[in-house]
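Each remark here refers to the structure printed beneath this line.
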Amino acid sequence: MHTVHLSQPLNLHHTLNSGQVFRWQNLNGTWEGIVRGEFIRLFENEGTHCTCDENFLTWYFRLDDDLDLIISAIDKDRHMHKAITALYGLRLIRQDPWECLISFICSSFNNVPRIRQIVETLCRTFGRPLPSHRGYEFPSPEALADAPLDVLRTCGLGYRDVYVQKTAQAVADGFALHDLRTMPYQEAKKALLQLPGVGQKVADCVLLFSLDNLEAFPCDTHIKACITQLYSPSVDAGTFGRQYFGPYAGYANHYLFHYHRSNRTW
DNA sequence: GTCCAGGTTAGCC
DNA sequence: GGCTAACATGGA
């Protein structure tokens, strides 16, 4: 465990607890997670302490984004101002696209604790155990592609078992997730929408949380409520969000989402 | 028992 | 293209 003094704001609690990633656990102040097959431990106390190197922190927590610049770009009204003030240090994460894709297929018509439970069960059932015995890797596309439906079902997936299996088969057969990183927003989204279990909202989550598309604006029930109540009752939330907030609409989206979901008042 | 949760899909018009 | 019912699961 060593100390890193970051030049960028980072609030671990807001960031890891905001529903963009599902495998981190807070054990009395210390965050534990498994990223790309590596067990990682983090906590904040006059600097960020971690069992990883600074390059990992920079990559994973997008410290290459100038958060203050981004915040000033999206600080356009009193609603947004409340959210960014209350959640200062909330950052988007640059997570693995494959894990992100499957996690958000599991997220549809579901709640966060259960998403976490399903993802963890998938890892325990189909993922490689870490050499340190501290948990399991996220399963490979091949592992989920070859998984029998009834075993997937026992992981708690419900009717989503087919979505996970077919999407895993598509990725195992060569669907190039990483290529989407360099595509324009509409084109990358169109490609993702081909995958079973991936609709407008899940596609935007994958683009935003794992493929560097900061203009993606995922529209779930919380965001739709925010847009209709606070901004305009009759617009398409996604179109409005991207146009109104601009190139960093995705950051605005996640601040609104987490503020609304954590049951704070506007 | 009823309701709800980061939606997607198939089947209609 | 837009609209709607159906969809497993577990916790409140």
Side-chain angles (χ1 to χ4, degrees), chain A residues 14-24 83 87 90-93 95 97 99-122 124-125 144 147-171 175 186 189-211 213-214 216-230 233-242 245 249-264:
Chain A
H14 295 331
T15 300
L16 296 173
N17 208 22
S18 60
Q20 59 178 319
V21 65
F22 302 99
R23 293 203 70 194
W24 288 90
L87 300 174
L90 168 61
R91 306 190 72 99
L92 293 176
I93 285 177
Q95 57 179 294
E99 176 174 339
C100 189
L101 173 63
I102 295 301
S103 299
F104 278 95
I105 286 176
C106 298
S107 79
S108 72
F109 197 41
N110 215 338
N111 57 58
V112 173
R114 250 178 58 71
I115 300 165
R116 301 176 63 93
Q117 187 228 337
I118 292 169
V119 169
E120 218 43 54
T121 309
L122 283 175
R124 259 204 331 274
T125 311
L144 293 186
L149 269 187
D150 57 327
V151 185
L152 284 173
R153 191 52 84 97
T154 62
C155 295
L157 281 166
Y159 63 90
R160 308 172 195 80
D161 55 357
V162 189
Y163 300 157
V164 167
Q165 190 190 54
K166 292 199 162 165
T167 289
Q169 286 166 356
V171 174
F175 184 98
Q186 296 292 353
K189 187 163 177 179
K190 192 176 166 190
L192 281 171
L193 288 173
Q194 305 299 310
L195 298 169
V198 178
Q200 297 286 327
K201 187 266 174 186
V202 170
D204 276 326
C205 285
V206 176
L207 289 172
L208 181 60
F209 300 138
S210 74
L211 290 168
N213 247 296
L214 298 184
F217 197 85
C219 294
D220 71 314
T221 51
H222 295 284
I223 289 296
K224 284 176 183 167
C226 288
I227 299 299
T228 55
Q229 286 164 29
L230 306 176
S234 57
V235 291
D236 174 71
T239 310
F240 171 83
R242 285 193 302 282
F245 290 112
Y251 269 95
N253 178 289
H254 203 56
Y255 273 92
L256 284 178
F257 170 76
H258 189 39
Y259 188 78
H260 188 267
R261 194 176 81 86
S262 50
N263 213 2
R264 300 176 216 231

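Naming: A, B, ... by sequence-line order, numbering from 1 per chain.
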Which of residues 161-170 of chain A have a heavy atom under 4.0 Å from DNA chain B?
-> A:Tyr163
Sequence neighbours excluded, every pair satisfying ring pair (Phe, Tyr, Trp, His ring centres under 6.0 Å) that has a member inside residues 101-120 of chain A | A:Phe22-A:Phe104, A:Phe104-A:Phe209
Rounded distance (Å) that lies between atom P of B:dG6 and atom CZ of A:Arg261 | 6 Å
Results of side-chain contact (heavy atoms from CB on, under 4.5 Å) for A:Pro148 - residues two or more places apart only = A:Asp150, A:Val151
Value in whole Å for how far the P atom of B:dA5 lies from NE2 of A:His260 | 11 Å
List every contact pair, protein side and nucleotides 10-13 of chain B side both N or O, where the distance is under 3.5 Å.
none

Applying side-chain hydrogen bond (donor to acceptor under 3.5 Å, both in side chains), name anything that partners A:Arg23, two or more places apart in sequence or on another chain.
-> A:Glu120
With sequence neighbours left out, what residues match A:Ser18 under side-chain contact (heavy atoms from CB on, under 4.5 Å)?
-> A:Gln20, A:Leu90, A:His254, A:His258
What are the atom names and distances for every N/O pair under 3.5 Å that joins the protein to nucleotides 5-8 of chain C?
{"from": "C:dA8", "atom 1": "O4'", "to": "A:Tyr159", "atom 2": "N", "distance (Å)": "3.1"}
{"from": "C:dA8", "atom 1": "O3'", "to": "A:Arg153", "atom 2": "NH1", "distance (Å)": "3.3"}
{"from": "C:dA8", "atom 1": "N1", "to": "A:Phe109", "atom 2": "O", "distance (Å)": "3.3"}

For atom CG of A:Asp236 and atom C1' of C:dG2, their distance in whole Å | 12 Å
Would you please name every residue forming a salt bridge (Lys or Arg N to Asp or Glu O under 4.0 Å) with A:Arg153, sequence neighbours left out?
-> A:Asp161
Who are the salt bridge (Lys or Arg N to Asp or Glu O under 4.0 Å) partners of A:Lys201, not counting sequence neighbours?
-> none
Under the side-chain contact (heavy atoms from CB on, under 4.5 Å) rule, collect the residues that match up with A:Ala203, sequence neighbours excluded.
-> A:Lys189, A:Leu192, A:Leu193, A:Val198
A:Gln229: side-chain contact (heavy atoms from CB on, under 4.5 Å) partners, not counting sequence neighbours | A:Ala225
Starting at NZ of A:Lys189 and ending at P of B:dG7, how long is that distance when rounded to a whole Å?
-> 15 Å
Test ring pair (Phe, Tyr, Trp, His ring centres under 6.0 Å) applied to A:His14 - qualifying residues, sequence neighbours left out | none
